[in-house]
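Quick notes on the structure that follows.
The basis for the numbers below is simple: all heavy atoms, side chains too, and nothing from hydrogens, waters or symmetry mates. The structure presented is a predicted model; accordingly, all values stated were derived computationally and were not measured.
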Amino acid sequence: MPCGALLDWSAQFSLFQNKLPLSLVCKDLGRGGSIGNLLSCCNDPSENCSAMEGNGGHGGLPDGGLPVRCSIPPCRPVTINLPATTTNQLVHGICVNTAQGDLVPIASSSLSHLEYTPVSFTGSLKAWGDRNYVLQGIESVTECNGGEYLRPSLVKSIPSGTEISITVAPWSTTVCVFFPNMDGYGRGGGWSSTLDETWVTRDYDDFGWVYQGQLYPFMTRCHDINQ
């Protein structure tokens, strides 16, 4: 089968306000089950991505047989563009609320050597690819419990003007970004003032990274994807 994805209707639901609910699971066959694969599939008509069908019936509902195209929910991935950084360096992390077995979210940037590795947002995590610092207090960030951490490859060498995008499944609920309260030291990206009002403050005294036995708390901002 080409890039066409199988719709696995995992719950009973109905149309609401002319939108399909965001509780199903889209599995990208043969491509590893990532949002990146689904996104490239949707963007390339030659891959026949729009040939997504239900299991018979009508209307594209759980028992429906009409094609469900990437241009409408539930299969079109959602991309969130963060404000360009305004500080000389950036220390940060990203987490996404996902369901078990869900498509893996991705992040990308305008900086060629800044990459993101998805790992489960549980336990004691290595915070960045180029350092051995660990995250502490993950359990406090309930918005991302059981979800994915998008681990940056760089701890701080991210210059002003860097643009970062996060792409997630449309039925995901929350994306959080966290960064130190260090704008005065040029490491907060300016996000404490440039993220708009849809990014809600969720600061936790016990959530941060540990260096030489000391905890450095993050500022946390969370965004409701379906807002």
In Phe179, Trp128, Tyr116, Phe218, the residue satisfying ring pair (Phe, Tyr, Trp, His ring centres under 6.0 Å) with His92 is Tyr116
Are [X] and [Y] close enough that some pair of their side-chain heavy atoms sits under 4.5 Å apart?
| X | Y | answer |
| --- | --- | --- |
| Leu135 | Tyr149 | yes |
| Gln89 | Thr87 | no |
| Asp206 | Gln136 | no |
| Leu114 | Pro152 | yes |
| Phe207 | Ile138 | yes |
| Leu90 | Thr162 | no |
| Leu195 | Val177 | yes |

Trace of the disulfide bond (SG atoms under 2.5 Å apart) decision for Cys144 with Cys176: CA-CA 8 Å; Cys144 289; Cys176 296; 4.0 Å; no
Spacing of [atom1] belonging to [X] relative to [atom2] belonging to [Y], to within rounding of 0.5 Å:
| X | Y | atom1 | atom2 | result |
| --- | --- | --- | --- | --- |
| Cys222 | Phe178 | SG | CZ | 9.0 Å |
| Asn145 | Ser140 | CG | OG | 8.5 Å |
| Arg151 | Thr117 | CZ | OG1 | 6.5 Å |
| Ser108 | Leu150 | OG | CG | 10.5 Å |
| Thr173 | His223 | OG1 | NE2 | 11.0 Å |

Open item on the list: Looking at Asp205, I'd like to know if its CG atom is crowded, meaning that more than 12 non-hydrogen atoms belonging to other residues, nucleotides or ligands lie closer than 6.0 Å.
Closed with: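 No, the 6.0 Å shell around CG holds no more than 12 heavy atoms from other groups.
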Looking only at side-chain N and O atoms, does [Y] offer a donor or acceptor that is under 3.5 Å from a partner on [X]?
| X | Y | result |
| --- | --- | --- |
| Thr167 | Thr79 | yes |
| Ser160 | Asn88 | no |
| Thr201 | Asp203 | no |

Kindly give the heavy-atom pair with the smallest separation between [X] and [Y], and that separation in Å.
| X | Y | result |
| --- | --- | --- |
| Ser120 | Glu148 | N-OE1, 4.0 Å |
| Arg202 | Arg221 | N-NH1, 4.4 Å |
| Tyr133 | Val210 | CB-O, 3.8 Å |
| Thr86 | Gly190 | OG1-CA, 3.3 Å |

With Phe121 as partner, the option from Thr98, Val96, Val141, Asn97 fulfilling side chain to side chain contact (heavy atoms under 4.5 Å, CB included) is Val141
Taking [Y] as the starting point, is it possible to reach [X] by hopping between hydrophobic residues whose side chains are less than 4.5 Å apart?
| X | Y | value |
| --- | --- | --- |
| Val155 | Tyr211 | yes |
| Ile164 | Leu111 | yes |
| Leu215 | Trp209 | no |

Assess whether side-chain contact (heavy atoms from CB on, under 4.5 Å) is satisfied between Thr85 and Trp191, documenting all intermediate values. CA-CA 7 Å; Thr85 61; Trp191 286 344; 4.1 Å; yes
Item to complete: May I have the step-by-step check of side-chain contact (heavy atoms from CB on, under 4.5 Å) for Trp199 and Val175, ending in yes or no?
Response: CA-CA 9 Å; Trp199 291 85; Val175 171; 4.1 Å; yes
(message) Quick one, Ser192 with Met219, criterion side-chain contact (heavy atoms from CB on, under 4.5 Å). Give me CA distance, side-chain angles, the key distance, then yes/no.
(response) CA-CA 8 Å; Ser192 60; Met219 300 176 71; 3.8 Å; yes
